[in-house]
Asker: 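One structure follows; several queries about it will come next.
Start at 1 with the first residue, then count along the sequence. Just so you know, ligand 1 is whichever comes first in the structure, and atom 1 is the first atom listed for that ligand.
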Amino acid sequence: MTKKYVTTAIPYMNGEPHIGHAMDYCLADVCARYYRMCGDEVRLQAGADEHGSKIWQKAIDEGVAVQDFVNLKTEGFVKFISKLGVEYTDYVRTTDKEHERRVQEIWRRLSDHIYMDTYEGWYCTGCERFITDKEYEENGGICPDHQKPYEKLAEKNYYLRIADFKEKIKKAIESDEMLVLPEFRKKEILKLLADSPDVSISRPRTQLEWGVPVPGDESQVMYVWMDALANYLTVIGYPDADDYQVWWPAAAQFVGKDILRFHAIIWPAMLLGLGLELPKVLVSHGMVLADGQKMSKSIGNVVNPAEVIDKYGPDAFRYFFLRHVDTFADSDFTWEKFERAYETELANDLGNLVQRLATMCVKNDIKIEGDFKTDLDKDYSDFMDKFEYTKAFDYVWGKVQELNKRIDEEKPWVLAKNGETEKLRECLSGLVKDLLVVNQMLQPFLPATASKITEIFAGKIEPPKMPLFPKQ
Ligand code: MSP
């Protein structure tokens, strides 16, 4: 049994979860469930990014104490993750005392690569990022993602000397020692790395008090990204609990394409500075758009995931976001697309298949015996091993549709009518056995549905009392 550590990005606790936040969780959960199915022991981390200027500002604007503000937001996210049917093993909040203590120790261990300098330049609170003069010029002084003017900063900061690690990071990315997926993002990341200056990793407390104090310098707090990235290590006990040694390096880290730059530059620099290995794979997914646009409160097109899950259930949500939202490219959510997928694919292709088969088995007194676990199809495993989840899911769905076609061709109801009992038994048990093989491949994507299907056909077959995907 191999131990595998899978991680998700920790969202800022400055608002409510939206459908875009679901991507990291759904993808990482599929990955974790697939690894478990293959016999690995898996840890899946999730967490909350609770420091930084944008959270601090938001709490002030709302007139709430910052800790109370993040407590409330984190509660909402924790509920959301469970609602998605995501089974994480570890949860970290960056305001946890243990995390803060450990991140300070990480800072101490990096001190050979840290120096103090004056920063004069631009900052985007939305991105929580220092902006180069070149970017400032290119974007005309306004953040294209947040539509807000960059802020001018002139302050003393600590810096992490990225220059110490550039060559090693470049080699690791080029050689796939740290595999960056999708492949087409690699070039863009290598270019950013080549141009990357040393990065500022602190803010003066006079400017921002909501952060982890820099050890040995109470006048500074850590830059929110330094604090946040460290979560992947602190949650598995680094540096003081031995546990981290069996889990690190991570088998796969899931992040959105907008934050790949932090994970492919600052993060590896921190790890190399600590003398740790780099993660095996960084998987960067695309953005979910709503009606073709970036979701934003001002446009009023933010889709509330709870609304979708409460009405259709977690597996319908997972189905759409794992099959119709491409793993790597930007994709669009519309209610129309969602409802069409629900009716024609989940309810008709899968729901009806299960209902029809179970009903015919009961009516004709067919029992299925034995354990139907088989080796996974090679095509499926190849896609899953390469994190090509949309393709793997398409492949499985093709198998579901094949089974429907087979029922129509083999016409078990005609065999029943003609009294061809033996042929009928062969036909139905063949179909059920193949459905159970397909069900095994569905499990990482639709865990609750897959369990129901197993229950329906295991031992005494009973058709579901309610359709798996009821008409809405
Ligand atoms: N706090 C940082 C992450 C720190 S990880 C050490 C952050 N937070 S976030 O709330 O802005 O984003 C959290 C995750 O959600 C990121 O992976 C981000 O890419 C993802 N998404 C946020 N909006 C999204 C969409 N509209 N679509 C898909 N993913 C999106 O960045």
Side-chain angles (χ1 to χ4, degrees), residues 6-28 45-56 58 70 73-74 76-77 80-81 84 86 90-95 99 103 106 124-129 143 145-146 181 185 201 210-212 222-235 250 252-268 270-271 279 282-297 299 301-305 317 320-322 324-333:
V6 178
T7 74
T8 57
I10 55 172
Y12 293 119
M13 292 300 121
N14 65 330
E16 313 309 319
H18 61 63
I19 51 172
H21 288 127
M23 286 308 288
D24 284 318
Y25 300 132
C26 288
L27 294 169
Q45 152 283 13
D49 194 350
E50 300 187 348
H51 286 131
S53 23
K54 95 167 138 190
I55 291 170
W56 191 52
K58 191 78 193 287
V70 292
K73 297 297 174 210
T74 298
F77 269 87
F80 168 58
I81 306 173
L84 285 171
V86 168
D90 299 87
Y91 194 82
V92 55
R93 298 178 59 180
T94 53
T95 59
H99 167 80
V103 81
I106 288 174
C124 173
T125 311
C127 302
E128 294 284 17
R129 191 159 75 77
C143 171
D145 288 337
H146 298 94
L181 290 176
R185 295 240 170 268
I201 49 164
W210 188 242
V212 182
M222 283 185 209
Y223 171 43
V224 64
W225 270 99
M226 171 98 175
D227 170 12
L229 288 163
N231 94 83
Y232 301 127
L233 287 176
T234 61
V235 75
Q253 300 205 262
F254 288 84
V255 299
K257 70 171 190 190
D258 55 332
I259 60 167
L260 179 62
R261 59 195 306 150
F262 300 96
H263 287 81
I265 301 174
I266 309 182
W267 178 225
M270 287 167 66
L271 289 167
L282 284 177
V283 187
S284 71
H285 59 80
M287 294 290 117
V288 182
L289 309 170
D291 287 321
Q293 283 176 303
K294 191 175 181 305
M295 273 178 288
S296 104
K297 283 203 185 116
I299 305 176
N301 62 348
V302 179
V303 182
N304 176 358
F317 186 98
F320 188 84
F321 285 90
L322 290 164
H324 290 287
V325 170
D326 187 272
T327 311
F328 300 124
D330 292 353
S331 305
D332 202 25
F333 174 92

Asker: Answer yes or no: is there a donor N or O on one side and an acceptor on the other, between the side chain of Tyr12 and the main chain of Gly126, under 3.5 Å?
Answerer: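 No, Tyr12 side chain to Gly126 backbone: no donor-acceptor pair under 3.5 Å.
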Asker: Measure Lys257 to ligand 1 on non-hydrogen atoms and call it side chain, backbone, both or neither using the 4.0 Å cut-off.
Answerer: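 It is neither part, as no heavy atom is under 4.0 Å.
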Asker: Hey, is ligand 1 close enough to Ile10 that some N/O pair sits below 3.5 Å?
Answerer: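 It does: an N or O of Ile10 is found under 3.5 Å from an N or O of ligand 1.
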Asker: Under 4.0 Å, heavy atoms only, figure out whether ligand 1 is touched by the backbone of Val288, its side chain, both or neither.
Answerer: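 For Val288, backbone and side-chain atoms both sit under 4.0 Å from ligand 1.
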Asker: Does ligand 1 come near enough to Ile259 that some N or O of the ligand is less than 3.5 Å from an N or O of the residue?
Answerer: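 No, since none of the N or O atoms of Ile259 sits under 3.5 Å from an N or O of ligand 1.
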Asker: Give the contacting part of His18 toward ligand 1: side chain, backbone, both or neither, where contact means a heavy-atom distance below 4.0 Å.
Answerer: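 Within the 4.0 Å criterion, His18 contacts ligand 1 through side-chain atoms alone.
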Asker: Counting each atom of ligand 1 from 1 as listed, which ones have a heavy atom of Trp225 under 4.0 Å away?
Answerer: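 Ligand 1 atoms under the 4.0 Å threshold to Trp225: 2 (C), 3 (C), 4 (C), 5 (S), 6 (C).
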Asker: Has Asp332 got a side-chain atom pairing as donor or acceptor with Asp291's backbone, closer than 3.5 angstrom?
Answerer: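 Present.
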Asker: Any N or O of Tyr12 that comes nearer than 3.5 Å to an N or O of ligand 1?
Answerer: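 By distance alone, the answer is yes.
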Asker: Tell me whether the rings of Phe77 and His21 are parallel (<30°), tilted (30 to 60°) or perpendicular (>60°).
Answerer: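 Judged by the thresholds at 30° and 60°, the geometry between Phe77 and His21 is perpendicular.
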Asker: Of all the non-hydrogen atoms in the protein, which one sits nearest to atom 13 (C) of ligand 1, and at what distance?
Answerer: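 Among all protein heavy atoms, the one nearest atom 13 (C) of ligand 1 is Pro11 CA, 3.8 Å.
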Asker: Tell me whether Ser331 contacts the main-chain N or O of Asp326 through its side chain, where contact means a donor paired with an acceptor under 3.5 Å.
Answerer: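 Here the side-chain-to-backbone pair exists.
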Asker: Is any NZ, NE, NH1 or NH2 atom of the basic residue among Lys257 and Asp330 found under 4.0 Å from an Asp or Glu carboxylate oxygen of the other?
Answerer: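 Salt bridge flag = yes for Asp330 with Lys257.
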Asker: Which residue and atom name correspond to the protein heavy atom nearest atom 16 (C) of ligand 1, and how close is it?
Answerer: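 Checking every protein heavy atom, the shortest distance to atom 16 (C) of ligand 1 gives Asp24 OD2, 3.4 Å.
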Asker: With atoms numbered from 1 as shown, which atoms in ligand 1 lie under 4.0 angstrom from a non-hydrogen atom of His21?
Answerer: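 Listed by number with element: 10 (O), 15 (O).
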Asker: May I ask you to decide if Thr8's main-chain N or O and Gln253's side chain share a donor-acceptor pair within less than 3.5 Å?
Answerer: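 The answer is no, because no donor-acceptor pair under 3.5 Å joins these two groups.
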Asker: So which heavy atom in the protein is nearest atom 30 (C) of ligand 1, and how far is it from that ligand atom?
Answerer: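 Among all protein heavy atoms, the one nearest atom 30 (C) of ligand 1 is Gly20 O, 3.5 Å.
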Asker: Give the C-alpha distance, both sets of side-chain angles, the deciding distance and a yes or no for side-chain contact (heavy atoms from CB on, under 4.5 Å) between Phe317 and Ile19.
Answerer: CA-CA 9 Å; Phe317 186 98; Ile19 51 172; 3.9 Å; yes
Asker: Do you know the tightest heavy-atom contact between Ala28 and Thr7?
Answerer: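 In terms of heavy atoms, the two residues are closest at CB-O, 4.2 Å.
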Asker: Of all the heavy-atom pairs spanning Thr74 and Tyr91, show the shortest one and how long it is.
Answerer: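 Taking every non-hydrogen atom into account, CG2-OH, 3.7 Å.
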Asker: Could you list the atoms of ligand 1 found under 4.0 angstrom from a heavy atom of Gly286?
Answerer: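 Selected atoms, number and element: 28 (C).
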Asker: Between Arg93 and Val70, does the side-chain contact (heavy atoms from CB on, under 4.5 Å) criterion hold? Intermediate values first, please.
Answerer: CA-CA 10 Å; Arg93 298 178 59 180; Val70 292; 4.2 Å; yes
Asker: Could you walk me through whether Asn231 and His99 pass the side chain to side chain donor-acceptor pair (under 3.5 Å) test, one step at a time?
Answerer: CA-CA 7 Å; Asn231 94 83; His99 167 80; over 6 Å; no
Asker: At a 4.0 Å threshold, what atoms of ligand 1 neighbour a non-hydrogen atom of Asp49?
Answerer: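 This gives 1 (N), 2 (C), 4 (C) as the contact atoms.
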Asker: Out of curiosity, is Gly52 lining ligand 1, as in a heavy atom under 4.0 Å away?
Answerer: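 Under 4.0 Å: no for Gly52.
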Asker: Considering only non-hydrogen protein atoms, determine which one is nearest to atom 19 (O) of ligand 1 and report residue, atom name and distance to 0.1 Å.
Answerer: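 It is Asp258 OD1, 2.6 Å.
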Asker: Hey, does Asn231 come in under 3.5 Å of ligand 1, counting only N/O atoms on both sides?
Answerer: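 No: no nitrogen or oxygen of Asn231 is under 3.5 Å from one in ligand 1.
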Asker: Is the gap between the ring centers of Tyr232 and His263 under 6.0 Å?
Answerer: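 So the answer is yes for these two rings.
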Asker: Quick one: does Lys294 get within less than 4.0 Å of ligand 1, heavy atoms only?
Answerer: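 Per 4.0 Å heavy-atom rule, Lys294 does not contact ligand 1.
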Asker: For the 3.5 Å polar cut-off, considering only N or O atoms, please tell me whether Gly256 and ligand 1 meet it.
Answerer: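 N/O-N/O distance below 3.5 Å exists for this pair.
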Asker: Any heavy atom of Phe254 sitting closer than 4.0 Å to ligand 1?
Answerer: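 In this structure, Phe254 fails to qualify as a contact of ligand 1 - no heavy atom is under 4.0 Å.
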Asker: Please verify whether a non-hydrogen atom of Tyr232 lies at under 4.0 Å from ligand 1.
Answerer: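 Yes, that is the case, since the closest heavy atom of the residue is under 4.0 Å from the ligand.
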Asker: Residue-level breakdown please: for Phe262 versus ligand 1, do any non-hydrogen atoms fall below 4.0 Å on the side chain, on the backbone, on both, or on neither?
Answerer: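 Looking at Phe262 and ligand 1, no heavy atom falls under 4.0 Å.
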Asker: Against heavy atoms of Ala228, which atoms of ligand 1 measure under 4.0 Å?
Answerer: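 By the 4.0 Å cutoff, the relevant atoms are 6 (C).
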